[in-house]
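Down below is the structure, laid out as structure tokens.
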There are 2 protein chains.
Amino acid sequence: MGIVERKEREREDMRRLIMDGAKQLFLANGFEKVSIRNIADAIEYSPATIYLYYKDKNELLFALHQQGFIKMVQEFRPLLVLTDPFEKLVQMGRAYIRFAVENPELFDLMFIMTAPMDKLDLEEWEEGDQAFGLLMHVVQECIDAGIFKQHDVRATAMMIWSAIHGYTALFLRKRLGMFPDCDRQMIMDDAFNLFCQTLRHGL
Amino acid sequence: MGIVERKEREREDMRRLIMDGAKQLFLANGFEKVSIRNIADAIEYSPATIYLYYKDKNELLFALHQQGFIKMVQEFRPLLVLTDPFEKLVQMGRAYIRFAVENPELFDLMFIMTAPMDKLDLEEWEEGDQAFGLLMHVVQECIDAGIFKQHDVRATAMMIWSAIHGYTALFLRKRLGMFPDCDRQMIMDDAFNLFCQTLRHGL
DNA sequence: CGAACTTACTGAACACTGTTTAGTGATGCA
DNA sequence: TGCATCACTAAACAGTGTTCAGTAAGTTCG
């Protein structure tokens, strides 16, 4: 009797329905401005129903957080065919920044907001591991190719990630107000290129 | 008759009383967990009174935001006596990170949270300018001393700030879960040192 | 001095928020 | 058919930022 299977399918459908509704609202209006009641309205259920499928709002955020990593890694994957490892690294940096600019809310959730991180805390973090592993792999290729000196791969990858992340985080959180609007984009690009250049030849 | 002066003084006192109460609660419990009612309780006034002195909660946050910059610049100032400009730069980086670790809530407010930035938006941002100006000054010294090549000072300073900021932002927002607890501190230090080294000699 | 005006302050309300619980009506199984 | 299980919800709880009418002092002036 396929009843339990059907129920399970229906449950999965319902989770998806909630998730999709939540995603739409979150990405359109920002996470702060979307309430459980908003989501409930959008999918035409009562707010309490959402709690039968997700423990709380943070669990909803965390599910989206996971999806974000899958999406980002997908955008990285095409770059892996590039042969020059340094070029690969530079393009990954650009892809990271592009992802942040094109999906600001998702990026926020993935790398800035604290809420979703309360959901994994000390456990394993597969998605984060995978994305960082990708970066480490490329860095290792750069070392193997003699482009980078033989420093610790993790520390090197960490340093590069930090630099690119800082750049995007400051931009997204509107901390570049000291630059005139017209110059901002140029300074940002210059800073990124300068960083890439510095990796090869120092400042 | 000094009545209007006294009133003005009393108003200033009241603003300080609110600010001090708010600061204590904010820095102790985090910004999200402190309500206007909490602050009102702490200073033994009604919540509505706070609105007679500050337009809204964000204005309170912004005032603290400003104080944070003053405090940070004060911690930078002693470093300016150092003679080696590169050493000065490295120590400023360390000071930035130290400030973030020792004042996580304040740092958050200054560089990560969006709330206080809604309060200045397009206007001039004196405090930010001053802090960034300090960095630019040291970078210029490095260029003048022939330590750095003659790139655009703003872009160079921006690149360096980004790198250091990324490092601290990822740490504060708990995005380093992929590293085992025991290694984390070491990787962070290695990454920082590696960045400093890279500035001089490339990676 | 006493009346009138001004000011500082507050209780109570408004419109929200996330979350829990008791209860309802449909579905599945004996 | 009757009982149990299930999905679902209305209503409530405790909290949030914020506003507003009303009160009780302080100040000014005739």
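Keep in mind that the numbers below use all heavy atoms, side chains included, and drop hydrogens, waters and symmetry copies. By convention in this document, chain letters (A, B, ...) are assigned in the order of the sequence lines, proteins followed by strands, and residues within each chain are numbered from 1.
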Under 30°, 30 to 60°, or over 60°: which ring-plane class applies to F192(A) and Y167(A), parallel, tilted or perpendicular? tilted
### Query
Hey, what's the ring geometry for H165(B) with Y96(B), parallel, tilted or perpendicular (30° and 60° as the breaks)?
perpendicular
Starting at atom [atom1] of [X], determine the distance to atom [atom2] of [N], rounded to an integer number of angstrom.
| X | N | atom1 | atom2 | value |
| --- | --- | --- | --- | --- |
| E8(A) | dT5(D) | CD | C1' | 17 Å |
| Y53(B) | dC9(C) | OH | P | 4 Å |
| I50(A) | dG18(C) | CD1 | P | 9 Å |
| E10(B) | dG26(D) | CD | P | 11 Å |

Which heavy atom in [X] sits nearest to a heavy atom in [Y], and how many Å separate them?
| X | Y | result |
| --- | --- | --- |
| P104(A) | L172(A) | CB-CD2, 4.0 Å |
| L89(B) | V139(B) | CD1-CG2, 4.2 Å |
| I164(B) | G93(B) | CG2-O, 3.9 Å |

Between the CD atom in Q66(B) and the CG atom in L109(B), the distance rounded to the nearest 0.5 Å is 10.0 Å
Rounded to the nearest 0.5 angstrom, the CD-CD1 distance for Q130(B) and I70(B) is 8.0 Å
Q.
Under the criterion side-chain contact (heavy atoms from CB on, under 4.5 Å), I'd like the reasoning laid out for N103(A) against K71(A): C-alpha separation, chi angles, the key distance, then a yes or no.
A. CA-CA 10 Å; N103(A) 313 279; K71(A) 186 172 179 184; 3.1 Å; yes
**Prompt:** Any sub-3.5 Å donor-acceptor pair from R175(A)'s side-chain atoms to R173(A)'s backbone N or O?
**Reply:** yes
Worksheet item: Can any side-chain N or O of D129(A) pair as donor or acceptor with the backbone N or O of E126(A) at less than 3.5 Å?
Response: no
So, with a heavy-atom separation below 4.0 Å from DNA chain D, the residues of residues 11-19 of chain A are none
Within residues 54-65 of chain B, the residues having a heavy atom closer than 4.0 Å to DNA chain D are D56(B), K57(B)
What residues 34-47 of chain B contributes to the DNA chain C interface at heavy-atom separation below 4.0 Å is R37(B), Y45(B), S46(B)
Salt bridge (charged side-chain N to carboxylate O under 4.0 Å, His left out) pairs touching residues 83-107 of chain B, sequence neighbours excluded, are K88(B)-E141(B)
Fill in: Chi angles and distances behind the side-chain contact (heavy atoms from CB on, under 4.5 Å) call for M19(A), Y53(A)
CA-CA 10 Å; M19(A) 196 58 236; Y53(A) 296 88; over 6 Å; no
So the stems of DNA chain D, runs of at least three Watson-Crick or G-U pairs (under 3.5 Å), are C:1-24 with D:7-30
Dump every N/O contact between nucleotides 21-27 of chain C and the protein below 3.5 Å, one line per pair.
none

- Determine: side-chain N/O of Y51(B) to OP1/OP2 of dT10(C), distance under 4.0 Å, yes or no. no
### Task
Answer yes or no: is there an ion pair linking E12(B) with R16(B), defined by an N-O contact shorter than 4.0 Å?
no
field: is_close_aromatic(F132(A), F179(B)), centroid dist under 6.0 Å
entry: yes
I'd like to know whether the aromatic ring centres of F99(A) and F111(A) sit less than 6.0 Å apart in this structure. no
Practice task
Assess the side chains of D144(B) and Q140(B): does a donor N or O sit below 3.5 Å from an acceptor N or O?
Solution key: yes
Among dA8(C), dC8(D), dT20(C), the one nearest any side-chain atom of L52(A) is dC8(D)
